[in-house]
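A, B, ... follow the sequence lines: proteins, then strands. Residue 1 opens every chain. Please read these numbers as outputs of a predicted model, since none were measured by experiment.
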Protein chains: 2
Amino acid sequence: MIVLGGPAANGLDDGIARNLSVELVKVDHKVFPDGESYIRIPRAVEGEEVIVVQSTYNPQDKHIVELCLMLEALKDLKASKVTAVVPYLAYSRQDRRFKEGEALSSKTILNLIWRSGADALVVVEPHKPEALNYFRGDVRIVDPTPAIAYRLKGDLTHPFVLAPDRGALDRARRLASLLNASFAHVEKERNRDTGEVKIGEVPKEVHGKDVILIDDIVSTGSTMTKVASAATRGGARSITAVAIHFLSDQASIKRMQESGISRLVGTNTVPVSGINVVDLSEEIAKRL
Amino acid sequence: MIVLGGPAANGLDDGIARNLSVELVKVDHKVFPDGESYIRIPRAVEGEEVIVVQSTYNPQDKHIVELCLMLEALKDLKASKVTAVVPYLAYSRQDRRFKEGEALSSKTILNLIWRSGADALVVVEPHKPEALNYFRGDVRIVDPTPAIAYRLKGDLTHPFVLAPDRGALDRARRLASLLNASFAHVEKERNRDTGEVKIGEVPKEVHGKDVILIDDIVSTGSTMTKVASAATRGGARSITAVAIHFLSDQASIKRMQESGISRLVGTNTVPVSGINVVDLSEEIAKRL
């Protein structure tokens, strides 16, 4: 078994190979002047089980195509089994037709990965686990909350976990249970055309608490800042905002920090700087 | 039958629909703040034959993923037949393993298009026609040289067509025949690691001629400028450089213009400004 690190492995290839005590091979890659990607597997893989590590953060489409190029090349070169580790799986929020005629992007991306040659797929905290059923091979889901709880534990005297919408409730429950904390959620409504977010009341229990907001994906951070402001008004003692996949740019991070959030926590499924980053290589390796 | 214009149709959707006298539908699309594309087919297509127009110029990977999203959505929405018109097909130069372990990118991209739901594929002047065999449906190739010859005719009193390498010879022959001109080629060697190009002797016949250089893809333009300089030294009367797919940026175009090339000609398979652009919608429509 070998680990093949793709152009968007974000360091997780090293960590996974180390945790599994197997050889790490970095894919040979470049981008031509016209913008096309070049991919080469620099080592024979015939009869070998290969774990490809490639996240699909921005530029998502380039990283998806690079993944497909690696998968099909590995199959062509007769690898015996190919497992795609996609720590952050792009396009997972478009998992149903909210409006008639919409592309089911989540399905299409999973089909591209499956059809390019992945026998198995490993994803960290997918947006909706059931949407992964579009992948026709073996699917394994990595739960990042134990590693996150381990990082948070000790720093918070009165932890209280708050999900920024009903869909994030199960995640909040998992984290709360690991922290021996209570949890709740706020109601959220998103206008799908403008992207504008409205949030409901924050529960009274946040008063005096070390509130931990947890969501799977944070991008502009508008939901996080709105919930954080409401929690501050509700008397929260401190606010920690956790996103498994922290897609925000520096301007959004700054806005979140200025909205009363004491600490921002993400993971290394995507590259992000200026916040606390939890390494998930051990959690991923455990599922391989 | 309807024509569906994709985000990278580059105006060819309008021209094709007009030439076929069928309804033009523009796909509903946007890019979310995090970089993901959104695709929606704004009209019922059940039982309808749909011609999707989407080129795959830079950013190639985004345009490829958008094409896959459109194709799978059309299939989901029960279009009776889906033809993908991909005027410029990206990744077509990586059509074999030049080095062991390389991805066969050309094959992977054609597989993605086929597997996403295209029943037929229409491509303008592919880099190597035989590489299109990786697409398992019906393939039609559009020859752009008649439209190009029509544009050039009349302006050139002593036309002589020169292919910048042996691989471009068939194309040069087609254009020369339409212009009642002679043709030849120069030898080219490209270092696949550095991309550096060396060219051989320019034939003596260029002396006093209106030389037309023709290549399928021009990117940095280094081959064109080298051949143009050599042709100028060989006594060419004027030099016209034609590329079917003109991928060059403005800096490269300027360099080409400063190298003694009198006129640059491209087509609308990709967006390009500051040169003569030949519209290919009629040629494409004829193959549908």
Output yes when [X] and [Y] qualify as a salt bridge under the 4.0 Å nitrogen-oxygen rule, no when they do not.
{"X": "Asp28(B)", "Y": "Lys99(A)", "value": "no"}
{"X": "Arg40(A)", "Y": "Glu100(B)", "value": "no"}
{"X": "Glu102(B)", "Y": "Lys30(A)", "value": "no"}

[X] vs [Y] side-chain heavy atoms within contact, under 4.5 Å:
{"X": "Asn111(B)", "Y": "Glu72(A)", "answer": "yes"}
{"X": "Leu112(A)", "Y": "Cys68(B)", "answer": "yes"}
{"X": "Ile109(A)", "Y": "Val65(B)", "answer": "yes"}
{"X": "Phe32(A)", "Y": "Ser219(B)", "answer": "no"}
{"X": "Lys62(B)", "Y": "Gln60(A)", "answer": "no"}
{"X": "Asp61(B)", "Y": "Pro59(A)", "answer": "no"}

* Considering only heavy atoms and a distance below 4.5 Å, find which of Leu247(B), Leu104(B), Leu77(B), Asp76(B) pairs most often with chain A. => Asp76(B)
* Asked: Picking from Leu74(B), Val27(B), Ile41(B), which has the most non-hydrogen pairs under 4.5 angstrom with chain A?
  -> Ile41(B)
Pick one of side chain, backbone, both or neither for [X], based on which atoms fall under 4.5 Å of a heavy atom in chain B.
{"X": "Leu69(A)", "value": "both"}
{"X": "Thr220(A)", "value": "side chain"}
{"X": "Arg93(A)", "value": "side chain"}
{"X": "Gln94(A)", "value": "side chain"}

* Okay, side chain of Tyr91(A), backbone of Ser37(B): is any donor-acceptor separation there less than 3.5 Å? -> yes
Check each atom of [X] against the heavy atoms of chain A and say whether the ones under 4.5 Å are side chain, backbone, both or neither.
{"X": "Asp34(B)", "answer": "both"}
{"X": "Ile39(B)", "answer": "both"}
{"X": "Tyr57(B)", "answer": "neither"}

Considering residues, nucleotides and ligands other than [X], do more than 12 of their heavy atoms fall under 6.0 Å from its [atom1]?
{"X": "Glu130(A)", "atom1": "CD", "value": "yes"}
{"X": "Lys254(A)", "atom1": "NZ", "value": "no"}
{"X": "Lys128(A)", "atom1": "NZ", "value": "yes"}
{"X": "Glu189(B)", "atom1": "CD", "value": "no"}

* Provide the closest heavy-atom pair for Ala73(A) versus Ala103(B) in the form atom of the first, atom of the second, distance. => CB-CA, 3.9 Å
